[in-house]
Amino acid sequence: MKKVFCIGELLIDFVAENQGSDLSKAVEFTKKAGGAPANVACAIAKLGGKGIFVGSVGNDPFGKFLLETLKKEGVDISLAQSSSTFTTLAFVSIAEDGERDFVFSRGADKELSYDPGLRKGFHGNMLHLGAATALLGGPLEASYGKYLFDALTKEMFISFDPNYRGDLWKENEKQFVKKCMPFIEKSHLCKFSEEEALLLSGKSNLEDACDFFHELGTKVVTVTLGKKGTLVSVNEMKSIVPSVDVKPVDTTGAGDAFIGCLLYQISHLDNYEQVFDRELLLKMVSVANKAGAITTTKFGAITALPTKSQLEA
């Protein structure tokens with residue numbers, strides 16, 4: 001089983017449950033652990049895999065809560081860093097259909113410094129880059145690029161999820177697109193939402209978007225489509241893998257559960273070339289769809305991620 005290094009943000013989600021999708025009207029919030037790369041590490045660990053989190057939190061009660069949460073779920077936090085900057089916060093409102101509205105107060109996640117010592121454990125393992133806050137500047141963005149280079153030199157399997165958040169980029173989507181391009185070019189696997197696929201490709205339909213990403217260099221493209229399933233594109237073949245019919249209450253973390261479950265399965269393969277086998281890939285995506293669907297049936301991301309027994313059931 002390969003190790004999966006997940007690099008990026010770990011933060012507090014203050015969640016307004018069942019108060020509509022307009023944050024201005026929310027009055028009660030519940031503290032939850034969140035952050036896309038951290039969610040992916042937890043998804044892998046809860047399934048029995050080797051999820052390693054690399055990121056920065058504040059040296060404050062929120063930061064300690066976050067690291068303890070990851071540790072409790074079985075994530076390796078030995079490479080996490082602590083900063084004097086306050087822990088990053090996100091305020092999330094959730095409508096009845098599970099859709100969300102985000103507002104961020106960015107803090108310690110941007111302070112992640114590059115550790116060249118990580119390269120020793122990289123060879124032959126896997127790297128997942130979740131970019132919700134990683135391309136917004138600071139030491140984290142600089143570290144991101146260096147870890148991508150290290151992964152290429154150490155023959156790692158590389159996964160990239162742009163995790164686009166409109167509140168973070170405001171009127172600066174073009175800069176977001178530009179910064180994502182090198183990671184799409186160098187990754188073996190990219191996971192997009194429908195919105196992200198169209199935004200980053202500049203295309204008007206998903207088929208053309210997938211072709212664009214392949215031309216850039218990525219070999220496997222997955223586009224999560226919510227209840228419609230997942231579009232998978234590999235070796236000039238495109239298929240939609242159906243999802244599981246559930247009643248969602250919170251879609252937070254569903255995409256992270258999906259990619260985490262997919263990476264967990266890939267970590268068990270004898271060699272990474274098997275990922276490009278269409279039939280095997282479709283089977284793995286079908287399982288990952290189940291993980292994503294299960295996650296939407298509960299509030300919060302990490303607490304809703306399925307265990308292996310829950311997934312099999």
Problem set entry | Pairwise side-chain contact, Phe192 with Leu199, heavy-atom cut-off 4.5 Å (strictly under) | no
For this session: Please name the pair of heavy atoms, one in Thr88 and one in Ala108, separated by the smallest distance, quoted to 0.1 Å.
Result: OG1-N, 3.4 Å
For this session: Find the distance between CG (Asp60) and CZ (Phe86) and round it off to the nearest 0.5 Å.
Result: 4.5 Å
For this session: Fit a plane to each ring of Tyr114 and Tyr147, take the angle between them on a 0 to 90° scale, and name the class: parallel (under 30°), tilted (30 to 60°) or perpendicular (over 60°).
Result: tilted
Exercise. Is it true that a side-chain atom of Thr297 and a backbone atom of Ala293 form a donor plus acceptor pair closer than 3.5 Å?
Worked result: no
Exercise. Going by heavy atoms in the side chains, are Lys110 and Leu136 under 4.5 Å from each other?
Worked result: no
For this session: Return the minimal non-hydrogen interatomic distance between Cys180 and Leu200, and the atom names on each side.
Result: CB-CD2, 3.8 Å
Exercise. Would Leu189 and Leu262 satisfy side-chain contact (heavy atoms from CB on, under 4.5 Å), going step by step from the backbone distance to the final call?
Worked result: CA-CA 10 Å; Leu189 165 66; Leu262 185 55; 4.0 Å; yes
Exercise. Applying the 4.5 Å side-chain criterion to the ILVMFWY set and letting contacts propagate, would Val232 and Val221 be lumped into a single cluster?
Worked result: no
Exercise. Does Lys219 make a cation-pi contact with Tyr272, if we ask for NZ or CZ under 6.0 Å from the ring centre and within 45° of the axis?
Worked result: no
Exercise. Under 4.5 Å between side-chain heavy atoms, hopping through other hydrophobics if needed: is there a path connecting Val220 to Leu216?
Worked result: no
Exercise. Same cluster or not: are Ile266 and Met1 linked, directly or through other Ile, Leu, Val, Met, Phe, Trp or Tyr residues, by side-chain heavy atoms under 4.5 angstrom apart?
Worked result: no
Exercise. Which heavy-atom pair separates Leu305 from Gly253 by the least distance, and what is that distance?
Worked result: CD2-O, 4.3 Å
Validation: residues 61-76 side-chain donor-acceptor distances under 3.5 Å, sequence neighbours left out:
from	atom 1	to	atom 2	distance (Å)
Thr69	OG1	Phe65	O	2.8
Asp76	OD1	Ser78	N	2.9
Asp76	OD1	Ser78	OG	2.6

Exercise. When hydrophobic residues are tied together by side-chain contacts of less than 4.5 Å, even through go-betweens, does Ile259 share a cluster with Val4?
Worked result: yes
Exercise. How long is the span from the SG atom in Cys6 to the CG atom in Leu79, to the nearest 0.5 Å?
Worked result: 11.5 Å
Only distances under 3.5 Å count here; give the side-chain donor-acceptor pairs of residues 154-162 to other protein atoms, sequence neighbours excluded, each with its distance to 0.1 Å.
from	atom 1	to	atom 2	distance (Å)
Ser159	OG	His128	ND1	2.9
Asp161	OD1	Asn163	N	3.1
Asp161	OD2	Asn163	ND2	3.4

Exercise. Quick one: are Lys191 and Thr224 in side-chain contact, heavy atoms under 4.5 Å?
Worked result: yes
Problem set entry | Under 3.5 Å donor-acceptor, Asp13 side chain and Val15 backbone | no
Exercise. At what distance, to the nearest 0.5 angstrom, does CZ of Phe122 lie from CG of Leu152?
Worked result: 11.0 Å
Exercise. Please walk me through it: do Leu10 and Asp109 pass side-chain contact (heavy atoms from CB on, under 4.5 Å)?
Worked result: CA-CA 7 Å; Leu10 173 60; Asp109 77 275; over 6 Å; no
For this session: Using a 4.5 Å cut-off on heavy atoms from C-beta on, say whether the side chain of Leu112 contacts that of Ile7.
Result: yes
For this session: Report yes or no: does Lys203 contribute a side-chain atom to a donor-acceptor pair with the main-chain N or O of Cys210 at less than 3.5 Å?
Result: no
Seminar exercise, completed: Minimal heavy-atom distance between Thr303 and Lys298, with the atoms involved, is O-CD, 4.5 Å
For this session: Take atom CG of Asn271 as the centre, draw a 6.0 Å sphere, and report whether it contains more than 12 heavy atoms from other residues, nucleotides or ligands.
Result: yes
For this session: State, with a plain yes or no, whether a side-chain heavy atom of Lys50 is found less than 4.5 Å away from one of Ser267.
Result: no
Exercise. Quick one: does Arg106's side chain have a donor or acceptor within less than 3.5 Å of a partner on Thr133's backbone?
Worked result: yes
For this session: Measure the spacing between OG of Ser83 and CD of Gln81 and express it to the nearest 0.5 Å.
Result: 9.0 Å
Seminar exercise, completed: Heavy-atom closest pair (Gly107 atom, Thr85 atom, distance to 0.1 Å) is C-CG2, 3.7 Å
Problem set entry | Spatial distance of atom CD (Gln310) from atom OG1 (Thr295) [nearest 0.5 Å] | 9.5 Å
Exercise. Between Asp211 and Lys238, does at least one N-O distance fall below 4.0 Å, as a salt bridge requires?
Worked result: yes
Problem set entry | Donor-acceptor contact below 3.5 Å, side chain Gln265 vs main chain Met284 | yes
Exercise. Is there a donor-acceptor pair under 3.5 Å between the side chain of Glu196 and the backbone N or O of Tyr164?
Worked result: yes
Exercise. Taking Ser286 for the side chain and Lys283 for the main chain, is one N or O donor matched with an acceptor at less than 3.5 Å?
Worked result: no
Exercise. Are any of the side-chain heavy atoms of Leu198 and Ser204 separated by less than 4.5 Å?
Worked result: no
Exercise. Taking Asn289 for the side chain and Pro242 for the main chain, is one N or O donor matched with an acceptor at less than 3.5 Å?
Worked result: yes
Exercise. Are Lys179 and Trp169 side-chain neighbours, meaning at least one heavy-atom pair lies under 4.5 Å?
Worked result: yes
Exercise. With no hydrogens and no angle check, is any side-chain donor or acceptor of Lys2 less than 3.5 Å from a backbone partner on Leu269?
Worked result: yes
Exercise. Within a strict 4.5 Å, meaning less than it, do heavy atoms of the Lys46 and Pro306 side chains meet?
Worked result: no
For this session: Check whether Ile77 and Ile12 end up in the same hydrophobic cluster, where Ile, Leu, Val, Met, Phe, Trp and Tyr are linked by side-chain heavy atoms less than 4.5 Å apart.
Result: yes
For this session: Could you tell me whether a side-chain N or O of Ser187 sits under 3.5 Å from a main-chain N or O of Ile184, the two making a donor and an acceptor?
Result: no
Problem set entry | Spatial distance of atom CZ (Arg278) from atom OG (Ser233) [nearest 0.5 Å] | 10.0 Å
For this session: Output, in order, the C-alpha distance, side-chain angles, deciding distance and verdict of side-chain contact (heavy atoms from CB on, under 4.5 Å) for Leu47 and Leu311.
Result: CA-CA 8 Å; Leu47 291 170; Leu311 186 62; 3.8 Å; yes
Problem set entry | Heavy-atom pair with the smallest gap, counting every atom of Leu140 and Gly8 | CD1-CA, 4.4 Å
